[in-house]
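Whatever order the structure lists them in is the order used to number ligands and atoms, beginning at 1.
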Amino acid sequence: MIKYFLQNKKKLITYLLLSPAMSITSVLFASALEPLVNSTTQKDVAVMLRAIMAFGLIVVADLTATFFHKISRENLRKEFLVGFKNDLFAGIMSKSFQEYRKEPPSYYVSMMQRDVKKVSTDYFDSVCGIYRVSISFMVTVLALIRVNPLICLINVVIALLSVLIPKIFEKKLRSNSQDASKSASEYQSVISDAFIGFNTIKLYSVISKIRRQVQDRNEKSEEAECNLLKTNYKISYMSVICTSAGFALTIIASVVFVFLGKISIGGVLALSQLIGGILAPFQDVPIFITNLKSIAVVIDKLKKYIEIDEQDPEESAHSITDYSLRIENAMVSFDDKKVLDGVNITFDQGKKYVIMGESGCGKSTLVKLFIKMSECAGGRVLLGKRDIKNIPDKDLYNVVNYMQQEVFLFDDSIRNNITLYKDYSSEKIRYAIECAGLKDYVESLEYGLETKINGNGYNLSGGEKQRIGIARALLAGAKVFIFDEITSNLDVATEHFVENLIMNLKDVTVIMITHRINDATLSKADEILVIKDGNIKEKGNFRELLDARGMLYGYKMIASTV
Ligand SMILES: Nc1ncnc2c1ncn2[C@@H]1O[C@H](COP(=O)(O)OP(=O)(O)OP(=O)(O)O)[C@@H](O)[C@H]1O
């Protein structure tokens, strides 16, 4: 975490220097009180005026140092948070599909918001606070020793005792902090589900059930936060007791010294001000320590995400020239359930494939092997002659494109949704649009490619969304297109249009999963694979499989009787 303090060295040094400056002016302020008060007893106007002038200058210096100290801390905080948030976001985005999907999106949103805020208030403020208090402590102790070593000793002991207070609450604090973080992210998860599932909740009239769920999580989250704050308050209260005792003891000792004629009244005033310089900041130290202990849980969690998952930097897209795909003896299981059981298959470059099979037979699991969304427990997956495990993600995804029913669209123009903010020539964009069958649609729009898409494309039809997805992949230069039941929600005419488009894509490999028996599509496939019981049971072109009268033939018969 220290590296985030070092983001801008100039701002750090300014802050580091302003803390001692502020402590010195505070000590000078206290020291100036004694001559000021004592000058009143000397009945010398010139002496009094000098004391007043000196005091006034010190007050101005103290206020100025305090002001710039606070400003410099906020400047430092900005640098700290910008660097930290950027790294956290980059770290999350570098995770593999498998790693990312271990948590829902709301978990990451909660990390970027609530947890980062906590890092700011509990970590940044505490580290700065401990630095400020330590400097103030050292400067004030040096000044106090000169005035009265005994009183100095009493206060140092009391200040150091207060540091031990958080130890008493350590266990409770840790569990309170874990509860607060967990319940806050559960609350965030339930509200984001409610907003994302707005349509379903309305259409199925489950508003009251969802509201109860949200109320329940809300209560738990606030309860956990309240418990954490109460523990913090107990620590702070004990610390106040400690410092008040120190202050009272000092005043009693000072009164005795005045009585013995060892200190003047002005000296008592200066002493009490100096003691404030030790005890008042030390009141906050237990809270700083407490916060650092409680934020440690959150920081440990964030550290897991902040590290970028490095990929082999030497590999590059230029080294991929063989786009054939091969699965060798793939075994995939989920919770002891075998989904793929020793599958062997090759997809030749430039050919068209259709994968069929009953729901849940493992079609998606099989194709997801090519984009590292599924992982095989045994066997291997090759792109060309290279195991895809050794191909960096970004190189792999430049070549292999995977599309599902839902195409994600940004709230931006059609152009930016197709180019995904990269620079392509107008010819390339035009060609991709034409191949994806979007030309007529785009030309019919008043603003053409600049037309805005809103709310993940609610103003577009399913077929238009699919075609934007296809144009996007074509433009990105994919050589292998995997379509996972993308047409199953489309009407028959659009389905035929999109499938025809896909099967006619030139110079690319197409692997299409479908449930529907569409003769025109199936007869264009070089090979149809039928999966059952975790393996490929039938393989051949449409004609061959019909003649074999196996599973595909059975599907066709069922389709024609429906
Ligand atoms: N991440 C996962 N965790 C646990 N089980 C999974 C996971 N992914 C898939 N499965 C299970 O593996 C089996 C195969 O799923 P898969 O999605 O590959 O089937 P499919 O043939 O594509 O089905 P459909 O045609 O209905 O989409 C299913 O029983 C599914 O529940």
Heavy-atom pair of closest approach, residues Glu358 and His515:
C-CE1, 4.4 Å
Indicate whether any N or O donor in one side chain lies under 3.5 Å from an N or O acceptor in the other, for Asn232 and Thr290.
no
Please confirm whether Phe334 comes within less than 3.5 Å of ligand 1 when only nitrogen or oxygen atoms on both sides are compared.
no
Around Tyr100, counting heavy atoms of other residues, nucleotides and ligands shown, do more than 12 lie under 6.0 Å from its OH?
yes
Which one of Ile388, Leu366, Leu325 satisfies the side-chain contact (heavy atoms from CB on, under 4.5 Å) criterion with Val381?
Ile388
With a 4.0 Å cut-off on heavy atoms, is Lys368 in contact with ligand 1?
no
With no hydrogens and no angle check, just 3.5 Å: does a side-chain donor-acceptor pair link Asn504 and Lys352?
no
Counting only heavy atoms not in Asp507, do more than 12 sit closer than 6.0 Å to its CG atom?
no
In ligand 1, which numbered atoms sit nearer than 4.0 Å to a non-hydrogen atom of Lys337?
13 (C), 28 (C), 29 (O)
Going by the closest heavy atom to atom 17 (O) of ligand 1, which one wins out of Ser374, Cys361, Ser364?
Ser364
What is the minimum heavy-atom distance between Ala478 and Asn401, and which atoms define it?
CB-CB, 3.7 Å
Which of the ligand 1 atoms, numbered from 1, are nearer than 4.0 Å to a heavy atom of Gly362
14 (C), 18 (O), 19 (O), 20 (P), 21 (O)
Looking only at protein heavy atoms, which one is nearest to atom 26 (O) of ligand 1, and what is the separation?
Ser359 OG, 2.6 Å
Atoms in ligand 1 with a heavy atom of Thr365 nearer than 4.0 Å:
14 (C), 15 (O), 16 (P), 18 (O)
Among protein heavy atoms, which sits nearest to atom 25 (O) of ligand 1, and what does the distance come to when rounded to 0.1 Å?
Lys363 NZ, 2.8 Å
Can you find an N or O of Val339 that's nearer than 3.5 Å to an N or O of ligand 1?
no
Return yes when Glu485 approaches ligand 1 closer than 4.0 angstrom through a heavy atom, no otherwise.
yes
For atom 23 (O) of ligand 1, what is the closest protein heavy atom, and at what distance to 0.1 Å?
Gly360 N, 2.8 Å
Taking only heavy atoms of His515, which atoms of ligand 1 are found under 4.0 Å from at least one of them?
25 (O)
For Arg77 and Ser120, test the side chains for any donor-to-acceptor distance below 3.5 angstrom and give the result as yes or no.
yes
Ile511 and Phe481: CA distance, side-chain angles, deciding distance, side chain to side chain contact (heavy atoms under 4.5 Å, CB included) verdict
CA-CA 6 Å; Ile511 303 170; Phe481 285 77; over 6 Å; no
Please verify whether a non-hydrogen atom of Gly357 lies at under 4.0 Å from ligand 1.
no
